[in-house]
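Report on the structure given below.
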Amino acid sequence: MKPKMHLYALLVLLVMLLSLTACGKKDTASDTAAAADTAAADTVAADTQDTSTTSDTTSDSAAAPTNVPSVYSPEDAVALVLEKSPPGATAYISTAFAIETNNEYHSYFVIVVKDSYGMEICKVAVDGVSGELHHYVSGKTFEDFSQSPLFEPKRDTPLVWEGTFIGDESTLTTTKNEDESLTFTFSDGTTGTGIITGNVVSVLTEGDTPQTIVLLCNIDGTMTVGGTNISLNGTYTP
């Protein structure tokens, strides 16, 4: 009886050993598969990350140049436009862009101008380098400021002080100096220098017989002369 019991116990022990061996092989296979899956996932993640980096680099290289010169700040640009705007008007920047001119980039600020009731009057493009104003159309298109509703001929037309002007009885030659003064000479030898105030120069000439001479610079390019020397008075054309 005892030998049979020992044999039975031996068989049970053998079955348990076989079961443990099978479980060990199954766990090893599972670990190997899991490791393979993790490695594959890491490879996919790495590939995705590399693609994203390439996309960002391409986007940066296509961006507009950042070193665009600008002497005037956005606040300066708004102030320049408000100087030309009617009382009670407001102005703000809607956008900005750059344009290449003679191999140099100029920044431009687009200013929206509204009246005191909040209605839009127009848009003005301000050159960030020169401060020059333009009538803004759309995109990167603008026109001369004379096309803007804000333009006032008497105020905004540049005055031509320098040149040679022909009158009925005399010729006038003028030179504008760095200190904002004007030196003038008439063909009869009368000469003088006076400070430009607005569109007027008034001078009391020196000599034995001082004369008062007034020069009026007109927006049409002509020069009107008045004063005590009647022979010089009149309108002179360029």
Side-chain angles (χ1 to χ4, degrees), residues 55-163 174 176-182 194-202 214-224 235 237-238:
S55 176
D56 290 343
T57 302
T58 302
S59 177
D60 290 342
S61 64
T66 56
N67 296 326
V68 178
S70 183
V71 177
Y72 292 84
S73 68
E75 293 76 14
D76 294 335
V78 170
L80 289 174
V81 173
L82 284 176
E83 289 178 0
K84 307 292 186 180
S85 303
T90 57
Y92 62 90
I93 293 180
S94 65
T95 187
F97 57 86
I99 292 181
E100 183 180 6
T101 304
N102 297 327
N103 296 322
E104 291 184 356
Y105 281 92
H106 278 220
S107 59
Y108 288 85
F109 303 105
V110 177
I111 314 296
V112 177
V113 183
K114 294 186 177 182
D115 63 19
S116 57
Y117 299 100
M119 300 296 292
E120 182 175 317
I121 300 174
C122 64
K123 293 179 181 177
V124 180
V126 182
D127 189 324
V129 176
S130 67
E132 185 177 0
L133 307 185
H134 306 270
H135 176 54
Y136 179 75
V137 180
S138 64
K140 294 184 178 182
T141 304
F142 48 81
E143 302 173 332
D144 189 81
F145 187 65
S146 61
Q147 303 301 311
S148 172
L150 301 182
F151 178 78
E152 294 183 8
K154 291 184 178 180
R155 179 194 64 191
D156 300 323
T157 300
L159 297 176
V160 181
W161 284 100
E162 288 190 305
T174 59
K176 188 176 181 180
N177 306 310
E178 292 183 358
D179 61 353
E180 291 301 309
S181 65
L182 187 77
I195 298 298
I196 298 173
T197 304
N199 67 329
V200 177
V201 172
S202 181
V214 179
L215 304 182
L216 180 65
C217 189
N218 304 307
I219 62 173
D220 62 0
T222 62
M223 193 80 72
T224 300
T235 300
T237 58

> Taking the side chain as C-beta and beyond, is there a heavy-atom pair between Ile196 and Trp161 under 4.5 Å?
Replying inline: yes
>> Just to verify, what does Glu75 make a side-chain hydrogen bond (donor to acceptor under 3.5 Å, both in side chains) with, not counting sequence neighbours?
In response: Ser73
>> Among residues at least two apart in sequence or on other chains, which ones pass side-chain hydrogen bond (donor to acceptor under 3.5 Å, both in side chains) with Ser181?
In response: Asn177, Asp179
>> To the closest 0.5 Å, what do you measure between OG (Ser107) and CG (Asp127)?
In response: 7.0 Å
> Which atom pair, heavy atoms only, marks the closest approach of Leu159 to Gly198?
Replying inline: CD1-O, 4.1 Å
>> Is the shortest side-chain heavy-atom distance between Tyr108 and Ile99 below 4.5 Å?
In response: yes
>> Going by salt bridge (charged side-chain N to carboxylate O under 4.0 Å, His left out), name the residues that satisfy it together with Lys84, two or more places apart in sequence or in a different chain.
In response: Asp156
> Is there side-chain contact between Asp144 and Phe151, with at least one heavy-atom pair below 4.5 Å?
Replying inline: no
>> Can you tell me how far apart OG1 (Thr141) and CD (Glu143) are? Round to the nearest 0.5 Å.
In response: 9.0 Å
> Got a second to check how far Ser202's OG is from Leu182's CG, nearest 0.5 Å?
Replying inline: 12.0 Å
>> To the closest 0.5 Å, what do you measure between CZ (Phe97) and OH (Tyr105)?
In response: 13.5 Å
>> Could you tell me if the side chain of Glu180 sits less than 4.5 Å from the side chain of Ile195, heavy atoms only?
In response: no
>> For a side chain to side chain contact (heavy atoms under 4.5 Å, CB included) check, start with the C-alpha distance between Ile93 and Val110, then their side-chain angles and the critical distance, and finish with the verdict.
In response: CA-CA 6 Å; Ile93 293 180; Val110 177; 5.9 Å; no
> If you take all heavy atoms of Ser148 and Cys122, which pair is closest and at what distance?
Replying inline: OG-SG, 3.8 Å
> With side chains defined as the heavy atoms from C-beta onward, is the minimum distance between Val113 and Glu120 less than 4.5 Å?
Replying inline: no
> Can you name the closest pair of heavy atoms from Pro74 and Phe109 and give their distance?
Replying inline: CG-CE2, 3.8 Å
>> Does any part of the side chain of Pro86, heavy atoms only, come nearer than 4.5 Å to the side chain of Leu150, both counted from C-beta?
In response: yes
> side-chain contact (heavy atoms from CB on, under 4.5 Å) with Val160: which residues, sequence neighbours excluded?
Replying inline: none
>> Working to the nearest 0.5 angstrom, can you tell me the gap between Leu216 CG and Thr222 OG1?
In response: 8.0 Å
> side chain to side chain contact (heavy atoms under 4.5 Å, CB included) with Val126: which of Asp76, Leu133, Val78?
Replying inline: Leu133
> Which distance, rounded to the nearest 0.5 Å, do you find between the NZ of Lys176 and the SG of Cys217?
Replying inline: 9.0 Å
> Does the pair Thr90 and Tyr92 meet the rule for a side chain to side chain contact (heavy atoms under 4.5 Å, CB included), with working shown?
Replying inline: CA-CA 7 Å; Thr90 57; Tyr92 62 90; 5.6 Å; no
> Can you name the residues that form a side-chain hydrogen bond (donor to acceptor under 3.5 Å, both in side chains) with Thr224, not counting sequence neighbours?
Replying inline: Asn218
>> Applying side-chain hydrogen bond (donor to acceptor under 3.5 Å, both in side chains) as the test, list every pair that has at least one member in residues 131-140; sequence neighbours left out.
In response: none
